[in-house]
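Here the structure is laid out as structure tokens; the discussion comes afterwards.
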Amino acid sequence: MKKLRSSIHSYEQQWLRELFTDQRKQLGLSQRALAEKMGVVYSLIGKIETGDRRLDIIEFIQYCEVLELDPKNIIDKLTQILNKPTTKI
């Protein structure tokens, strides 16, 4: 049985954080600039990018929209990652 809540160090969590960070940088936004666009304190962005803070579904959608990402596409990709069979050693 899979755990409901994955570790911040799981592949899926790392993939999502890297996607968000890479997209922010591609848009030429600093963490402060992104925070200003979102109307949040800038330390929140750092916490999200390091995994100290997770997003709920509403925050996830808003975060994607500010980063010009389609939340549905991201969820589809995450679903594919989660459903990919893993091999155990």
Side-chain angles (χ1 to χ4, degrees):
M1 178 178 240
K2 290 185 177 182
K3 290 183 188 179
L4 182 59
R5 188 169 180 124
S6 63
S7 163
I8 62 167
H9 303 292
S10 71
Y11 175 77
E12 299 85 11
Q13 292 287 340
Q14 290 175 357
W15 179 86
L16 185 59
R17 288 195 310 271
E18 287 176 17
L19 173 73
F20 284 159
T21 303
D22 291 347
Q23 181 67 8
R24 174 181 60 76
K25 290 176 181 178
Q26 281 189 355
L27 293 173
L29 296 172
S30 65
Q31 288 182 348
R32 275 189 200 271
L34 179 58
E36 286 176 19
K37 285 183 83 162
M38 294 184 71
V40 298
V41 295
Y42 79 93
S43 61
L44 176 65
I45 305 303
K47 288 179 181 179
I48 291 167
E49 289 185 2
T50 60
D52 291 335
R53 168 77 154 69
R54 294 178 190 229
L55 300 171
D56 68 25
I57 189 68
I58 304 302
E59 293 169 327
F60 169 81
I61 292 168
Q62 293 169 336
Y63 208 93
C64 286
E65 289 175 349
V66 171
L67 289 176
E68 301 175 15
L69 297 168
D70 182 347
K72 293 177 204 163
N73 288 342
I74 304 306
I75 289 171
D76 287 344
K77 289 178 185 175
L78 280 169
T79 301
Q80 289 174 354
I81 291 168
L82 287 168
N83 290 327
K84 186 177 181 180
T86 57
T87 54
K88 296 188 179 191
I89 300 174

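In what follows, every heavy atom counts, from backbone to side chain, and hydrogens, waters and symmetry copies are set aside. Residue numbers count from 1 along this sequence.
Within the model, atoms OG1 of Thr50 and CD1 of Ile45 stand 11.0 Å from one another, a figure rounded to the nearest 0.5 Å. Taking CD of Glu12 as the start and CD of Gln14 as the end, the distance is 9.0 Å to the nearest 0.5 Å. Atoms CD1 and CE, from Ile48 and Met38 in turn, are 6.0 Å apart once rounded to the nearest 0.5 Å.
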Considering only distance and modelled atom types, tabulate donor-acceptor pairs under 3.5 Å from the side chains of residues 60-81, sequence neighbours left out.
residue, atom, partner, partner atom, Å
Asp70, OD1, Lys72, N, 3.0
Thr79, OG1, Ile75, O, 2.8

Please table the atom pairs, donor to acceptor, closer than 3.5 Å between any side-chain atom in residues 29-36 and protein atoms at least two apart or in another chain.
residue, atom, partner, partner atom, Å
Ser30, OG, Arg32, N, 3.4
Ser30, OG, Ala33, N, 2.9
Gln31, NE2, Glu49, OE1, 2.8
Arg32, NH2, Tyr42, OH, 3.3

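Partners of Arg17 according to the side-chain hydrogen bond (donor to acceptor under 3.5 Å, both in side chains) rule, which considers only residues two or more places apart in sequence or in another chain, do not exist here.
A donor-acceptor pair under 3.5 Å is formed between the side chain of Glu59 and the backbone N or O of Asp56.
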